[in-house]
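Below is one structure, written out as structure tokens, with a few remarks after it.
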Amino acid sequence: MLPVLLLAISMGTYSQERKIKINFQYGSFKAGDYENIRPGKSYGVDISYFLSSHFFMTAHFNYGSNDYYENSWLTNIPDECIILPYRTNATLILNNVGLLGGYYLPINKWINITGQLGFSQIIKIKKAFPVKVYRPEDSEIDGRVWYDSVLFNGAFPVKFNVGITPFKELNIGFAKNIEIGYSFGFYMLPDWGFYTGAYHGPQFSIMF
């Protein structure tokens with residue numbers, strides 16, 4: 001709620017541009033240093049409000065997930081007992097909601113670069129798969145435990161984007177407000193290690 005409130009306050013102040021930009025991002029995600037971590041997916045939505053021709057504020061949301069091996073007391077069993085693909089037994093989900101300040105740098109009429117930095121609330125969810133254990137005495141596979149945990153903490157998101165506006169100079173109605181780009185972002189979280197997670201992928205934007 002705090003990022004939305006701060007963005008609403010900034011929108012109520014004087015702005016030279018009065019422009020709003022909505023970004024939709026999809027791509028790959030990788031959390032920090034987890035055992036046997038598998039490539040994951042990332043989904044993101046940003047709403048940016050331009051305070052001037054270069055500076056803007058962004059309400060930021062990103063979802064990322066990875067499968068990995070949770071080596072805890074609940075799942076610390078002999079390797080030969082784990083029969084799940086890729087030797088994974090859990091899913092890590094990171095939800096990130098925050099407020100970023102950004103700078104918009106036009107390269108030419110069609111290409112621009114943006115950089116953003118801010119503060120966010122990160123929600124870390126661990127969802128364990130049922131750990132399958134072989135019982136030799138019964139010659140059966142037994143599903144043993146499910147273990148979920150949720151942690152909340154503050155983080156510092158960083159995001160960069162390269163955007164192209166291919167229809168900007170053409171008279172094609174609303175299409176001139178469309179931007180196609182590629183974004184890269186990561187989260188800094190000292191409590192869980194400096195690097196917490198990173199994402200990258202194509203981004204589709206609409207300017208109002």
#### Entry: Spatial distance of atom NZ (K21) from atom CZ (F208) [nearest 0.5 Å]
12.5 Å
### Task
State yes or no: do Y182 and I164 share one hydrophobic cluster built from I, L, V, M, F, W and Y residues joined by side-chain heavy-atom distances below 4.5 Å, directly or via other members?
no
### Task
Measure from the side-chain N and O atoms of N66 to the backbone N and O of I37, and report whether any donor-acceptor pair falls under 3.5 Å.
no
### Query
CD1 of I123 to CZ of F152: how many Å apart, nearest 0.5 Å?
5.0 Å
### Summary
Separation between OG (S183) and CZ (F160), nearest 0.5 Å, reads 11.5 Å
#### Entry: Value rounded to 0.5 Å, distance of CG in D46 from CD in Q116
6.0 Å
### Single-linkage hydrophobic cluster, 4.5 Å side-chain cutoff, L51 and L100 together
no
### Query
Taking all atoms of both residues into account, what is the closest heavy-atom pair of I111 and V162, and its distance?
CG2-CG1, 4.4 Å
### Query
Roughly how far apart are D67 CG and R38 CZ, rounded to 0.5 Å?
8.5 Å
### Side-chain (Q25) to main-chain (V45) donor-acceptor, under 3.5 angstrom
no
### S42 to F29 - nearest heavy-atom pair and separation
CB-CB, 3.8 Å
### Query
Shortest non-hydrogen contact from H54 to P106?
CE1-CD, 3.9 Å
### Message
Any donor-acceptor pair under 3.5 Å linking the side-chain atoms of N96 with those of S120?
### Response
yes
### Query
Can you list the residues that meet the ring pair (Phe, Tyr, Trp, His ring centres under 6.0 Å) rule with F56, with sequence neighbours excluded?
F50
### Message
Is the shortest side-chain heavy-atom distance between P39 and K30 below 4.5 Å?
### Response
no
### Message
Which label fits H60 and Y187: parallel for a plane angle under 30°, tilted from 30 to 60°, or perpendicular past 60°?
### Response
tilted
### Message
Are Y199 and F184 an aromatic pair, judged by ring center distance below 6.0 Å?
### Response
no
### Task
Return the minimal non-hydrogen interatomic distance between P157 and A155, and the atom names on each side.
CD-O, 3.5 Å
### Task
With N95 as reference, evaluate I122, N62, I125 under the side chain to side chain contact (heavy atoms under 4.5 Å, CB included) test and give the passing residue.
I125
### Message
With a 4.5 Å cut-off on side-chain heavy-atom distances among I, L, V, M, F, W and Y, is there a chain of contacts connecting Y103 to F119?
### Response
no
### Query
Taking the side chain as C-beta and beyond, is there a heavy-atom pair between V158 and M188 under 4.5 Å?
yes
### Message
Grouping I, L, V, M, F, W and Y whenever their side-chain heavy atoms are under 4.5 Å apart, do Y26 and F61 come out in a common cluster?
### Response
yes
### Task
Taking all non-hydrogen atoms of both residues into account, name the closest pair between A59 and L99 and its distance.
N-CD1, 4.4 Å
### Message
Could you go through N112 and E179, starting from their C-alpha distance and side-chain angles, then the distance that decides it, and tell me whether this counts as side-chain hydrogen bond (donor to acceptor under 3.5 Å, both in side chains)?
### Response
CA-CA 10 Å; N112 66 79; E179 177 181 292; 3.0 Å; yes
### Query
So how far is it from M207 CE to N23 CG, rounded to the nearest 0.5 Å?
8.5 Å
## Note on the structure
Heavy-atom nearest pair, M57 first then G101, reads SD-CA, 4.3 Å
#### Entry: Student check: side-chain heavy atoms of I20 and Y49 closer than 4.5 Å
yes
### Message
With clusters defined by side-chain heavy atoms of hydrophobic residues (ILVMFWY) lying less than 4.5 Å apart, directly or transitively, does I178 cluster with I22?
### Response
yes
